[in-house]
Amino acid sequence: MDVGSWVVLGLLGLVWGSSYLFIKIGVGEVPPAWVVAGRLLAGTLFLSAILRWRKESLPPRRLWPALAATTFFNSAFPFLLIAWGEQWVSSGLASILNATTPLFSVVIASSAGDEHLSWQKVAGIVIGFVGVIVLIGASLREVTQSTLGELAIVAASACYAVGALFARRWLKGSRPVPLATGQMMLGFLMVVPLVFLPANRLVVTPSAVAVASIAALGLLGSGLAYVLYYRLISTVGATRTLLVTYIIPVTAILWGWLLLDETLSLRTFLGLGLIISGILLVNREHPAGRAPVAVKRVVAD
């Protein structure tokens, strides 16, 4: 890769890593449903502007049922799970747990007959999930809100893997910007009714920092990052774009340490090392012309 591509890759890692920071700030003041609805609205506005600028239109009507199913698993539900979980889980730990998406992708894709499950991939899956056990195993002895938050974020990773499978089967070949714009729109429509439930009533007016964080989450994490991601896919290919998978947890930990004064234990870094080692193994061999499982999501965090 040339210098420009490395810069774009680093910027993408910083932006996606900051998503966990913005979620943490947002849920500190408003219910998770508000954070996710605001994120999806901001992402919709950003991508709609890009769509208009590119003079493209939304996906054809025949794709909308498949897009709705993909959106539920690839945006609406996992966004809610992560936001709910980060009420009790640090942003750095959330990013590490969410990095397990490629492991779930291999398991689900192989179960559906889309991936060949080699011994190397099995080893990667086992090592990666040992990392998850290292991270949350001790807290399972006494289930707390923190434990449930960690499990919710792991469940979000599994949802992303299901969403990726749906996207590959039903939306393959569709133009990316219209697809992502439609996904943001549908995700907003799915989540916004939750805002009006009594349990999600705003108790206090959120601060300017919280509002700005939610807006940045949508504009950057679901907007700008998407543009950078597909630029890399088109210029350096899916395999090299995969490198962002390893950058995101590191940058998320950095943001949490710098701006939220978060600290991580040796056990956390051990779990991160095992998860990344597992991802390296499952993505080491790809059939020609196919993207690694870690870069098959339509719109990532």
Side-chain angles (χ1 to χ4, degrees), residues 1 4-5 8-9 11-13 15-16 19 36 39-79 101-102 105 108-109 112 114-115 159-191 217-245 248 286-301:
M1 295 197 302
S5 297
V8 173
L9 183 70
L11 181 59
L12 179 59
V15 170
W16 265 340
S19 295
V36 177
R39 169 186 193 168
L40 290 166
L41 177 60
T44 296
L45 295 174
F46 183 94
L47 290 171
S48 294
I50 297 294
L51 195 69
R52 186 181 181 90
W53 176 67
R54 292 167 62 100
K55 297 181 179 179
E56 293 184 276
S57 57
L58 290 169
R61 191 173 300 174
R62 60 181 174 81
L63 290 180
W64 283 83
L67 184 57
T70 302
T71 296
F72 179 81
F73 286 102
N74 212 32
S75 296
F77 194 38
F79 284 3
T101 296
S105 293
I108 292 173
D114 287 5
E115 292 276 349
C159 286
Y160 282 136
V162 174
L165 176 65
F166 288 175
R168 290 200 303 276
R169 288 196 167 185
W170 300 333
L171 302 174
K172 187 176 181 180
S174 302
R175 297 184 66 83
V177 175
L179 207 61
T181 307
Q183 183 170 313
M184 289 292 107
M185 288 180 176
L186 287 172
F188 176 72
L189 293 175
M190 290 176 185
V191 171
L217 181 63
L219 296 174
L220 299 179
S222 298
L224 175 63
Y226 170 84
V227 176
L228 297 174
Y229 174 74
Y230 275 100
R231 176 183 172 181
L232 283 171
I233 289 287
S234 63
T235 56
V236 303
T239 301
R240 289 190 175 92
T241 304
L242 168 66
L243 292 172
V244 76
T245 305
I248 292 171
H286 330 296
R290 296 191 63 182
V293 293
V295 294
K296 287 178 178 175
R297 280 158 57 183
V298 176
V299 178
D301 287 322

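Computed over heavy atoms, backbone and side chain alike; hydrogens, waters and symmetry mates excluded. Note that the structure is a prediction, hence the values are computed from the model and not measured.
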Any idea which heavy atoms bring [X] and [Y] closest together, and the distance?
X: P59; Y: P178; value: CD-O, 3.2 Å
X: R168; Y: K172; value: O-CB, 3.3 Å
X: G221; Y: S19; value: CA-OG, 3.7 Å
X: L179; Y: S174; value: CD1-CB, 3.9 Å
X: A112; Y: R169; value: O-NH2, 2.8 Å

Which residue is it: F166, Y160, F77? I am looking for the one with a ring-ring contact (aromatic ring centres under 6.0 Å, His included) to F72.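 Among the candidates, only F77 passes.
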List in chain and number order the residues that pass side-chain hydrogen bond (donor to acceptor under 3.5 Å, both in side chains) with R52, two or more places apart in sequence or in another chain; answer none if no residue qualifies.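 Partners of R52 under the side-chain hydrogen bond (donor to acceptor under 3.5 Å, both in side chains) test: none.
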side-chain hydrogen bond (donor to acceptor under 3.5 Å, both in side chains) against S5, all qualifying residues, sequence neighbours excluded: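 side-chain hydrogen bond (donor to acceptor under 3.5 Å, both in side chains) check on S5 returns D2.
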First locate atom [atom1] of [X], then atom [atom2] of [Y], and finally report the distance between them rounded to the nearest 0.5 Å.
X: L63; Y: T70; atom1: CG; atom2: OG1; result: 9.5 Å
X: I108; Y: L165; atom1: CD1; atom2: CG; result: 7.5 Å
X: I50; Y: L45; atom1: CD1; atom2: CG; result: 12.0 Å
X: L220; Y: R39; atom1: CG; atom2: CZ; result: 11.0 Å
X: Q183; Y: S222; atom1: CD; atom2: OG; result: 9.0 Å
X: L189; Y: L40; atom1: CG; atom2: CG; result: 9.5 Å

Should L58 and W64 count as side-chain neighbours, where that means a heavy-atom distance under 4.5 Å?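 In short, these two side chains touch, coming nearer than 4.5 Å.
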Got S48 and M185 here, is their nearest side-chain heavy-atom distance under 4.5 Å?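 Contact flag for S48/M185 side chains = yes.
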Please enumerate all residues that pass salt bridge (charged side-chain N to carboxylate O under 4.0 Å, His left out) together with R175, with sequence neighbours excluded.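 R175 satisfies salt bridge (charged side-chain N to carboxylate O under 4.0 Å, His left out) with E56 only.
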T44 (side chain) donor-acceptor with M184 (main chain) under 3.5 angstrom: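 Between the backbone of M184 and the side chain of T44 there is a qualifying donor-acceptor contact (under 3.5 Å).
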Could you list the residues that satisfy side chain to side chain contact (heavy atoms under 4.5 Å, CB included) with I248, not counting sequence neighbours?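 For I248, the residues satisfying side chain to side chain contact (heavy atoms under 4.5 Å, CB included) (neighbours in sequence not counted) are W16, Y20, V244.
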Excluding sequence neighbours, so at least two apart, what forms side chain to side chain contact (heavy atoms under 4.5 Å, CB included) with A66?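 With neighbours one apart ignored, the set is W170, L171.
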So, using ring-ring contact (aromatic ring centres under 6.0 Å, His included) as the criterion, who are the partners of F46 when residues are at least two apart?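 ring-ring contact (aromatic ring centres under 6.0 Å, His included) list for F46, sorted by chain: empty.
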Please step through side-chain contact (heavy atoms from CB on, under 4.5 Å) for the pair F79 and V191, ending with a clear verdict. CA-CA 10 Å; F79 284 3; V191 171; over 6 Å; no
